[in-house]
Undergrad: 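Dumping the structure here so I can ask a few things about it.
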Amino acid sequence: MVDRLAGWFATRGWTPFDFQLEVWRAYLAGENGMIHSATGTGKTLAAWMGPLGEWLLENPGTDGKKGHRNDAPGLRVLWITPLRALAADTELSLRLPLEELGVPWTVETRTGDTSQSLRKKQSERLPTTLITTPESFTLMLTRDDAEELFGELRCIVVDEWHELLSTKRGVQTELALARVRRLRPGVKTWGVSATLGNLEDASQTLQGVGAQARIVEGHIAKEIVIDSILPTNITRFPWSGHFGTSMIPPVIRSIEDGGTCLIFTNTRSQAEIWHQSILDNRPDWVDQIGLHHGSLDREVRDRVEADLKEGRLRAVVTTSSLDLGVDFSPVDRVLQLGTPKGVARLLQRAGRSGHRPGAASRVTCVPMHAFELVDIAAARTAAMNGRIENREHLSKPLDVLAQHVVSIAAGSGFRYEAMRDEVRTTVAYRDLTDEEWDWVLDFVVRGGDALRAYPEYRRVVVEDGVYRVTDKDIAKRHRMSIGTIMSDMAMTVQYVTGGRLGTVEESFLARLKPGDRFLFAGKALQFVRISDSTAWVKRAPNLKGAIPRWAGGRLPLSTELAHAIRQELECAKYGELRSSEMELMAPILAVQANWSAIPAEDEFLIEQLETNEGHHLFFYPFEGRLVHEGLAALFAYRISRIQPITFSMACNDYGFELLAPEEAPLAQAIQQGLISPENLIHDIPASLNAAEMAKRQFREIARIAGLVFQGYPGMHKTLKQVQATSGLFYDVFARYDPKNMLLQQADREVLEKQLEKSRLASALARLEGSTILITNPESPTPMAFPILVDRLRDTVTSENITQRIQKLSLKLEKEAG
DNA sequence: TATTCCCCGCCAGGGT
């Protein structure tokens with residue numbers, strides 16, 4: 001059979017890769033597995049040919065004859081994809097071999113935007129292959145005929161598993177998979193994943209506790225090139241900032257070189273700014289440069305994606321919204337503006353180019369300020385040494401479990417023990433205690449201790465030992481709330497004439513007066529008014545105006561990249577400049593070394609200095625900004641226990657600053673355990689407003705667990721309302737039901753997600769074992785400078801900033817030059 | 001002079 005499939009490749013002039021043959025053999029031998037490789041290596045075909053080969057094996061002599069659609073069996077393959085936008089492309093690529101091999105299978109998509117007519121058809125008869133999202137997959141389980149639906153299923157493929165793993169969407173998928181395995185014990189699961197550090201764990205999480213699976217490495221000779229555009233004059237290159245104006249000309253030259261170019265940025269406003277800057281310089285490219293980010297309306301993005309695919313665009317400026325997708329488009333060149341933040345992320349982006357087996361993938365990094373040259377050099381070293389980030393699975397999020405049990409109760413129903421054992425086959429809930437299981441059931445049956453008086457929280461009833469949702473209205477509301485994604489606090493931006501452009505933060509729009517101009521979706525817009533929670537706009541006559549700021553997530557430097565940066569600096573300290581980027585950095589590093597020091601890997605640098613602002617302490621753990629926020633608060637708290645003192649704090653991915661009017665007792669603090677990982681559990685909540693953070697985190701939990709209903713489509717509650725309602729629940733639970741496990745979960749999530757507690761603890765352990773290096777520079781060093789500027793921007797008037805920054809830069813420039 | 005902060009999903013029932 002493998003030979004016949006290889007023959008199909010041969011007719012297309014392709015030679016199957018060894019890893020593809022390995023997948024088919026393993027599949028036909030009845031194995032589960034996961035395929036792991038860079039993008040553009042033929043993973044999709046590898047996964048698809050397994051079930052296809054099985055069908056051919058059962059139906060010999062099919063080759064060459066055109067099959068009949070009517071002969072198609074029921075649902076055999078379920079294909080899970082994390083993105084709606086990927087579904088259509090996948091559908092096409094799965095169909096091709098079907099037609100050529102004469103297999104009468106059908107392939108259809110079912111996601112949130114599947115048409116009513118197709119939906120109706122599918123409710124009568126499912127296709128042989130259904131492509132769907134985790135959310136729509138779970139929705140299928142809420143049907144009362146769920147058992148029949150999956151009765152003939154042979155195989156589940158989970159595409160881009162690395163995207164789902166380590167998120168609540170991944171946990172939701174784990175639970176749904178456990179359910180289907182119970183309904184259909186022989187079903188095979190194959191995962192498809194891009195580069196990932198912790199393969200074994202990723203595979204186990206997909207397959208469930210105790211299941212055996214084969215990991216197939218899709219190692220084909222895939223050359224990856226990471227290079228950079230270097231600034232011509234390093235002494236005039238900015239020491240901080242993220243706009244990188246001076247790099248516009250060389251970037252434009254790269255675009256001119258020809259081919260289609262993807263330009264990745266780290267933020268949405270950066271994408272808007274660069275899109276505009278490129279057009280300012282090349283107005284003749286007005287129809288050839290696209291813009292793509294998560295706040296743009298789906299329709300606007302679809303158009304850009306289609307143009308890209310058809311080769312109508314010269315370049316697209318984008319955020320990670322194009323990290324996945326557009327697999328068949330002719331992307332020739334990938335640029336990364338600013339620090340890549342992580343190794344896997346950079347490799348993923350490199351993989352957008354040369355998206356053909358055998359072709360080289362290349363990404364060109366463009367630094368926005370001087371120290372980003374170090375990031376680039378470090379990312380390359382880490383990538384070449386195969387130091388890829390892990391994605392850890394989540395453990396026991398009870399909100400997701402509560403949602404899942406209601407889903408199953410709304411479908412075929414379940415029994416206490418069988419369901420508990422089924423849930424425990426997932427890696428996420430393998431340690432679920434009886435107490436926790438009882439609590440979750442009590443929560444959905446009675447509403448827990450605090451809500452027992454309210455019938456709408458008695459969602460599930462027990463009849464003869466079977467847990468079911470009997471109330472039609474409750475079932476309907478539940479189906480409308482399935483999923484784990486919280487949407488942003490944003491307002492629709494729409495032309496008064498009709499066309500929707502996308503969404504922008506309420507806080508930005510609230511500051512605008514009618515007539516104010518701003519740049520959004522690559523267009524100059526004039527604000528008209530706000531009504532019906534929509535910001536109405538019209539085209540503005542010219543392009544000058546503000547650019548929206550989004551309160552998006554703050555992606556910290558990954559652990560692997562942070563580690564690589566420390567190594568890169570250590571090499572530089574001993575005069576070993578291993579790349580052109582580091583060579584270029586030499587004058588700036590020399591200033592750092594002369595004024596203060598460059599820390600070696602086992603050194604913890606602290607800079608102490610006085611300016612007319614006060615007494616500064618700069619700490620450089622190189623652990624990413626989330627950890628630094630936690631460390632800054634922790635250190636401030638610990639120092640203030642020795643001597644009452646109030647600090648202002650600032651941080652970036654390299655380090656943080658504590659500033660006070662008087663000198664802090666640093667030496668004493670270090671002696672008394674400033675850096676100790678001990679008492680972290682006590683000191684973290686004491687140093688931060690942890691209760692307020694937990695209350696905010698509880699918003700998501702309340703939504704997922706089904707406490708807060710978002711409202712019917714088209715009349716969504718605003719986020720403020722959801723916040724208020726969930727805040728109310730939080731207060732009620734805290735007062736009347738303090739043992740509520742969802743409250744504890746909120747505390748845990750704050751510690752882990754917002755403060756990265758385990759990373760913070762291991763950082764402290766590392767720093768405690770380091771040699772502490774205290775220096776007393778006369779003025780802020782190159783490493784201190786970006787942190788300082790960041791704080792100044794928030795606190796001082798713009799005139800003062802300008803003068804100060806000018807003075808500082810001049811001084812630094814003189815020294816470096 | 002510098003501006004900054006990813007992404008992803010989801011309904012049902014009654015009318016024509």
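So that the names make sense, note that chain A is the first sequence line, chain B the second, and so on, each numbered from 1. Atom set for the values below is all heavy atoms of this structure, side chains included, hydrogens, waters and symmetry mates excluded.
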Undergrad: Using ring-ring contact (aromatic ring centres under 6.0 Å, His included) as the criterion, list what pairs up with A:Phe237, not counting sequence neighbours.
TA: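 A:Phe237: no ring-ring contact (aromatic ring centres under 6.0 Å, His included) contacts found.
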
Undergrad: Students often get this wrong, so: under 4.0 angstrom with heavy atoms, is A:Arg301 touching a base, only sugar-phosphate, or nothing?
TA: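 If one applies the 4.0 Å heavy-atom cut-off, A:Arg301 turns out to touch the sugar-phosphate alone, with no base involved.
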
Undergrad: How many whole angstroms separate atom CZ of A:Arg345 from atom C1' of B:dC5?
TA: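 One finds 10 Å between C1' of B:dC5 and CZ of A:Arg345, rounded.
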
Undergrad: With sequence neighbours left out, what residues match A:Thr111 under side-chain hydrogen bond (donor to acceptor under 3.5 Å, both in side chains)?
TA: A:Asp113

Undergrad: Can you identify which nucleotide, out of B:dT3, B:dG9, B:dG13, has its nearest atom closest to the A:Gln116 side chain?
TA: B:dG13

Undergrad: Of the options B:dT4, B:dC11, B:dC8, whose atoms approach the side-chain atoms of A:Met480 most closely?
TA: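 Selected nucleotide: B:dC11.
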
Undergrad: Look at all strands and tell whether A:Thr484 reaches a base, only sugar-phosphate, or nothing, counting heavy atoms closer than 4.0 Å.
TA: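 Touches nothing.
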
Undergrad: Side chain of A:Arg625: nearest nucleotide among B:dC11, B:dC5, B:dG13?
TA: B:dC5

Undergrad: Could you tell me whether A:Lys168 and A:Glu700 have a side-chain N and a carboxylate O separated by less than 4.0 Å?
TA: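 Yes.
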
Undergrad: Which nucleotide wins on minimum distance to the side chain of A:Val789, given the candidates B:dT3, B:dC7, B:dT4?
TA: B:dT3

Undergrad: Taking the minimum atom-to-atom distance to the side chain of A:Thr267, which one of B:dT3, B:dC8, B:dT4 wins?
TA: B:dT4

Undergrad: Over 60° means perpendicular and under 30° means parallel, so tell me whether A:Trp550 and A:Phe520 are parallel, tilted or perpendicular.
TA: tilted

Undergrad: With respect to the phosphate group of B:dT4, does any side-chain polar atom (N or O) of A:Thr265 fall under 4.0 Å of OP1 or OP2?
TA: no

Undergrad: Less than 4.0 Å between a side-chain N and a carboxylate O, is that true for A:Asp653 and A:Lys341?
TA: yes

Undergrad: How is A:Arg349 classified with respect to the nucleic acid when contacts are heavy atoms under 4.0 Å: base, sugar-phosphate, or nothing?
TA: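 Counting heavy atoms under 4.0 Å across all strands, no contact is made by A:Arg349.
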
Undergrad: Indicate, with a heavy-atom threshold strictly under 4.0 Å, whether A:Thr167 touches base, sugar-phosphate, or nothing.
TA: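 No contact at all - A:Thr167 keeps every heavy atom at 4.0 Å or more from the nucleic acid.
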
Undergrad: Under 4.0 Å, heavy atoms only, any strand: does A:Ile273 hit a base, just the sugar-phosphate, or nothing?
TA: nothing

Undergrad: Indicate whether OP1 or OP2 belonging to B:dC10 is found under 4.0 Å from a side-chain N or O atom of A:Arg479.
TA: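 For A:Arg479, the contact criterion (side-chain N or O under 4.0 Å from OP1 or OP2 of B:dC10) is not met.
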
Undergrad: What form does the base of B:dC6 take, syn (within 90° of 0) or anti?
TA: anti

Undergrad: Of the listed nucleotides (B:dA2, B:dC10, B:dT4), which one gets closest to any side-chain atom of A:Glu135?
TA: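 That would be B:dC10.
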
Undergrad: How close or far is atom P of B:dC5 from atom NE2 of A:His293, stated in whole angstroms?
TA: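 In whole Å, B:dC5 P and A:His293 NE2 are 11 Å from each other.
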
Undergrad: Measuring to OP1 and OP2 of B:dC7, would you say a side-chain N or O of A:Thr319 lies under 4.0 angstrom away?
TA: yes

Undergrad: Scan A:Leu555 against the nucleic acid and name what it touches under 4.0 Å (heavy atoms): base, sugar-phosphate only, or nothing.
TA: base

Undergrad: Would you kindly give the NE2-to-C1' distance between A:His404 and B:dG9, to the nearest whole Å?
TA: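 The answer, rounded to whole Å, is 17 Å.
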
Undergrad: Checking all strands, does A:Arg84 fall into the base, sugar-phosphate, or nothing category for heavy-atom contacts under 4.0 angstrom?
TA: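 Sugar-phosphate, no base atom in range.
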
Undergrad: Measure the distance from CG on A:Leu83 to P on B:dC10 and round it to the nearest whole Å.
TA: 10 Å

Undergrad: For the side chain of A:Trp550, starting at C-beta, report the closest nucleotide among B:dA2, B:dG9, B:dC5.
TA: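 Out of B:dA2, B:dG9, B:dC5, the nucleotide with an atom closest to A:Trp550's side chain is B:dC5.
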
Undergrad: How close or far is atom P of B:dA12 from atom CZ of A:Arg119, stated in whole angstroms?
TA: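 Computing the A:Arg119:CZ to B:dA12:P distance gives 7 Å.
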
Undergrad: To the nearest Å, how far apart are A:Ile787 CD1 and B:dC5 P?
TA: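 Answer to the nearest Å: 19 Å.
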
